[in-house]
Amino acid sequence: MIDRLWSKFVKPSSDKASTLTVENVPQHVAIIMDGNGRWAKSRGLPRIAGHHTGMKAVKQITMAADRLGVKYLTLYAFSTENWKRPKAEVDFLMKLPQEFLAIELEELIANNVQVRMMGYREALPGHTVEALEEAMLRTANNTGLILNFALNYGSRKEMTDAVKLIAEAVRDGKLSPDQIDESTMSEHLFTSGIPDPDLLIRTSGELRLSNFMLWQLAYSEMWFTDVYWPDFSESHFHEAIAEYQRRARRYGGL
Ligand code: FPP
């Protein structure tokens, strides 16, 4: 593992990231990719230009995470609340997974990346689901980084649905209330079988969770930056990981 890390390690370029070590790399990093609209506005461009450039940052950070040996990268690409945006913007966002995968899938495969998605597929356009399903099928046996897109994802709905499934199991006599514990909940979430994020990153200066992985982030370290997502680079990512490595995680203990 360490050999692999050293061989793929890219020396961080910024000072703040210079203390990055190959040990204690977070296993699971989750990112709220925010600030695409403001990035575009600050350049006099339409909002969709921010989303399009944001897609390029997705590629950069996926490769950076892979090089460091991160095992899971979960990216918040579209929330259950994002449908409230103008239709033209929603339509554009729904085409991005398809465009991204058309350009990048072969390289993701070459790098042993496995693509997954979490969220409510039923409401997504057919072309979006088809592109993701093809990518998931073609990468299903890959053993490297797991690139998990949160698409039409909302944490409160995810938890409410989990409670409903558990209640049904109790009603049907398959489960007794005494048997319900934290792992019962975890097993009924989209992230069943995936460890909780070690590190949450949110870009663009906003300091909130926006209905993202509320259960799974209970003990995650959080790192916020004012940088807008389209400008978020490998060196910013290294800065976040270096800060994570300086923190002592106590999980409520001493
Ligand atoms: C939030 O910024 C961003 C989104 C709602 C969309 C995020 C999507 C991408 C970064 C591209 C995804 C790419 C793939 C491959 C799925 P915002 O629009 O809310 O920005 P603002 O707060 O500045 O308006």
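Each ligand, and each atom within it, is numbered from 1 in the order the structure gives.
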Shortest protein contact, atom 1 (C) of ligand 1 (heavy atom only): Met33 O, 3.3 Å
Check: Asp181/Thr184 side-chain N/O donor and acceptor closer than 3.5 Å: yes
Whichever hydrophobic residues join Ile194 through chains of side-chain contacts under 4.5 Å: Tyr72, Ile146
No-hydrogen, no-angle side-chain donor-acceptor test under 3.5 Å, Glu158 and His188: no
Test item: side-chain donor near acceptor, His236 and Ser233, under 3.5 Å: yes
Contact (N/O only, under 3.5 Å) between Glu89 and ligand 1: no
Heavy atom of the protein closest to atom 14 (C) of ligand 1 (residue, atom name, distance): Phe149 CE2, 4.2 Å
Non-hydrogen atoms of Val113 and Asn142 that approach each other most closely: O-ND2, 2.8 Å
Distance under 6.0 Å and angle within 45° of ring axis: Lys59 vs Phe100: no
Contact atoms of ligand 1, heavy-atom distance to Arg47 under 4.0 Å: 17 (P), 18 (O), 24 (O)
Where Asp198 and Gln27 come nearest, the two heavy atoms and their spacing: OD2-N, 2.8 Å
His28 versus Thr74, side-chain donor and acceptor atoms under 3.5 Å: yes
is_close_aromatic(Phe78, Tyr120), centroid dist under 6.0 Å: no
Top protein contact for atom 13 (C) of ligand 1, by heavy-atom distance: Val58 CG2, 3.9 Å
Test of proximity, Asn82 against ligand 1: N or O pairs below 3.5 Å: no
Top protein contact for atom 19 (O) of ligand 1, by heavy-atom distance: Arg85 NH2, 2.7 Å
Interfacing atoms of ligand 1 (cut-off 4.0 Å, heavy-atom, Trp229): 10 (C)
Ligand-side contact atoms (ligand 1) for residue partner Leu96, heavy atom cut-off under 4.0 Å: 11 (C)
Side-chain donor/acceptor of Ser220 to backbone N/O of Leu199, under 3.5 Å: no
Heteroatom proximity flag, Tyr76 to ligand 1, N/O under 3.5 Å: no
Top protein contact for atom 10 (C) of ligand 1, by heavy-atom distance: Asn36 ND2, 3.3 Å
Residue pair Arg116, Gln114: steps toward the side chain to side chain donor-acceptor pair (under 3.5 Å) verdict: CA-CA 7 Å; Arg116 292 195 197 173; Gln114 188 188 122; 2.7 Å; yes
Numbered atoms and elements of ligand 1 in range of Phe100, under 4.0 angstrom, heavy atoms: 15 (C)
Which of the ligand 1 atoms, numbered from 1, are nearer than 4.0 Å to a heavy atom of Leu93: 6 (C)
Per-atom contacts, ligand 1 versus Arg38 - under 4.0 Å to a heavy atom: 21 (P), 22 (O), 23 (O)
Numbered atoms of ligand 1 (with element) below 4.0 Å of Ala77, judged on heavy atoms: 6 (C), 7 (C), 8 (C), 16 (C)
Numbered atoms and elements of ligand 1 in range of Gly37, under 4.0 angstrom, heavy atoms: 17 (P), 18 (O), 20 (O), 21 (P), 23 (O), 24 (O)
Test item, Ser204 contacting ligand 1 (heavy atom, 4.0 angstrom): no
